[in-house]
Amino acid sequence: MIRVNPHYAQLQTSYLFADIERRVRAFQQRRPEVDLIRLGIGDVTEPLPQACIEALHKAVDEMATASHFRGYGPEQGYDFLREAIALSDFQARGAQISADEVFVSDGAKCDVGNIQELFAADVRVAISDPVYPVYVDTNVMAGRSGAWLQNHYQNLVYLPCTAATGYAPQLPDKPVDVIYLCSPNNPTGATLTRAQLQQWVDYAAAHKALILFDAAYEAFIRDDALPHSIYEIPGAREVAIEFRSYSKTAGFTGLRCAYTVIPKTCMGWDGDGRPVSLHALWSRRQTTKFNGVSYPVQRAAKAIYSPAGQQQVRTLSDGYLANAQRIRDAFQALGHTCTGGDNSPYIWVHTGSDAWEFFDMLLEKTGVVCTPGAGFGRCGQGHVRISAFNSAAQVDAALQRIRAVLQT
Ligand SMILES: *Cc1c(COP(=O)(O)O)cnc(C)c1O
């Protein structure tokens, strides 16, 4: 008898975005004349930078010749990309990361999920509330969450991120082993300061804990005082793994390229309390289960680091940030308190009402799709996430409708 993984039965309802889609489809059937504007799902809308397109074409042509054809590449990624990453994304910011500490992959989502394979089954996991649902659901699948108790999982330690905490997670009041941090944050758009990150690094060092730092939105940081990488924080090399992605940075959501950094000094611990290199474990895992990102895609990613590429991705994120600013201004003018949108493409709007109710109201009255905060956790109640991932014209059209209907 092929028994299935019993932990899957602990997963709660459908994935958030499937839930939203169901409501949107029902609305479209009832009101086919309404032109929907999506400010909901966290996907980019603008095409790939020209530098990436050129690199892709060139790499495809190389694959067409026997002399330049490439078969399996290194599982950890090609040196040309890993070196560009180490130099531009870390060393240039004073973070001591070397090329061989970078693992190129086809997505931060899968890396964030897969990394748990390196941890014992009974490690205690801390997640922010609200949170990117992937952190929670992958822990449920792995059997770390325990039972669902009405509105939370028994064994997860939730770190409330509310207006009272400035939407930043506070240190836990019970011991934890793995801590998920995401800055700039999805869904709240909030960012962690150097001092806040230092607090977490110190906590992890004191408790032999590990920080999983998701920096998928790093490219949206404009405030010079904010750290772009956790490795800008003293001590982080010993206690943190960082995840980056070209998805939001460079419009790679459909192309697929990301990377994970595991410093060689970052340790886990065996049953006898002896240190074990997480870099070595992940290397073993990746070489066994992963065969690398395609050569043309890695060439496209490398092109981001050329002067033209740098300028083009800056233009992309500038465009989304300009949208974010207008969205934030519009909701603030309607009397809602907002966070995010200045160093992130998401605006976390305090609705004051039930989040799903606000979602339905906005959809019914304006045809604009947002994301109910309650879908991201208990503390997301009373908030919605508005995404700046859309064309300027679509954002303006949405804001015009919202002003027309909601302004009193
Ligand atoms: C979009 C996103 C990612 C990126 O995932 P990919 O698999 O690289 O596309 C990672 N983390 C968060 C929080 C995200 O919102």
Side-chain angles (χ1 to χ4, degrees), residues 15-17 20 38-46 48 52 77 81 85 89 102-116 126-139 159 161 167-169 178-192 211-221 228-230 240-261 286 290 292-294 297-298 300-301 304 313 316-317 320 324 340-341 343-348 370-371 373 375-377 380 385-390:
Y15 189 55
L16 165 66
F17 294 111
I20 292 171
R38 290 180 182 272
L39 300 181
I41 296 175
D43 195 0
V44 296
T45 55
E46 302 309 297
L48 288 165
C52 300
L81 180 55
I85 290 168
D89 288 347
V102 175
F103 295 84
V104 177
S105 81
D106 59 357
K109 188 189 204 175
C110 43
D111 282 359
V112 160
N114 290 335
I115 199 78
Q116 292 177 56
I127 54 147
S128 297
D129 176 10
V131 71
Y132 180 50
V134 173
Y135 309 152
V136 177
D137 287 356
T138 53
N139 273 290
L159 311 171
C161 301
Y167 296 100
V178 176
I179 301 141
Y180 289 83
L181 295 179
C182 179
S183 178
N185 192 266
N186 179 9
T188 67
T191 46
L192 293 172
I211 296 169
L212 300 178
F213 187 70
D214 186 340
Y217 297 93
E218 170 274 335
F220 294 88
I221 294 174
H228 289 237
S229 164
I230 196 161
I241 293 175
E242 181 163 317
F243 303 91
R244 294 268 189 113
S245 172
Y246 299 107
S247 283
K248 319 296 166 33
T249 311
F252 272 49
T253 53
L255 199 58
R256 313 302 306 143
C257 196
Y259 65 85
T260 291
V261 179
Q286 288 298 78
F290 186 59
V293 176
S294 78
V297 169
Q298 290 192 62
I304 291 167
V313 293
L316 264 184
S317 53
Y320 292 128
N343 295 287
S344 95
Y346 298 124
I347 300 94
W348 190 240
C370 66
T371 311
F376 297 105
R385 187 192 73 178
I386 312 279
S387 162
F389 287 132
N390 218 318

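Order of appearance sets the numbers: ligands from 1, and atoms from 1 within every ligand. Reckoned from all heavy atoms, side chains included, excluding hydrogens, waters and symmetry mates.
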**Message:** For Gly107, is there any backbone N or O sitting under 3.5 Å from a side-chain donor or acceptor partner on Ser245?
**Reply:** no

**Message:** Quick test: of every protein heavy atom, which one is nearest to atom 15 (O) of ligand 1, and how far off is it to 0.1 Å?
**Reply:** Tyr217 OH, 2.5 Å

**Request:** Could you check Ile230, Leu212, Asp214 and say which one makes a side chain to side chain contact (heavy atoms under 4.5 Å, CB included) with Ile241?
**Result:** Leu212

**Item:** side-chain contact (heavy atoms from CB on, under 4.5 Å) evaluation trace for Val178 with Gln116
**Value:** CA-CA 10 Å; Val178 176; Gln116 292 177 56; over 6 Å; no

**Message:** Using a 4.0 Å cut-off to any heavy atom of Gly107, which atoms of ligand 1 qualify?
**Reply:** 7 (O), 8 (O)

**Message:** Starting from atom 9 (O) of ligand 1, what is the nearest protein heavy atom, named by residue and atom, and what distance separates them?
**Reply:** Ser247 OG, 2.6 Å

**Item:** Verdict with reasoning, Asp43 to Thr253, per side chain to side chain donor-acceptor pair (under 3.5 Å)
**Value:** CA-CA 7 Å; Asp43 195 0; Thr253 53; 2.7 Å; yes

**Request:** List the closest protein heavy-atom neighbour of atom 1 (C) of ligand 1: residue, atom name, distance to the nearest 0.1 Å.
**Result:** Lys248 NZ, 1.3 Å

**Message:** If only side-chain N and O atoms count, and only distance matters, is there a donor-acceptor pair under 3.5 Å linking Ser105 with Asp111?
**Reply:** yes

**atom 13 (C) of ligand 1 - nearest protein heavy atom and its distance** = Asp214 OD2, 3.3 Å

**Prompt:** For atom 7 (O) of ligand 1, what's the nearest protein heavy atom and its distance?
**Reply:** Arg256 NH2, 2.7 Å

**Item:** Tyr180 and Tyr132: side chain donor to acceptor below 3.5 Å
**Value:** no

**Tyr132 neighbourhood, listing ligand 1 atoms whose heavy-atom distance to it stays under 4.0 Å** = 2 (C), 3 (C), 10 (C), 11 (N), 12 (C), 13 (C), 14 (C), 15 (O)

**Message:** When you measure from the side chain of Arg244 to the backbone of Tyr259, do you find a donor-acceptor pair of N or O atoms at a distance under 3.5 Å?
**Reply:** no

**Prompt:** Is there any N or O on Ala108 that sits under 3.5 Å from an N or O of ligand 1?
**Reply:** yes

**Asked** So which protein heavy atom does atom 5 (O) of ligand 1 come closest to, and at what separation?
**Response** Lys109 N, 3.6 Å

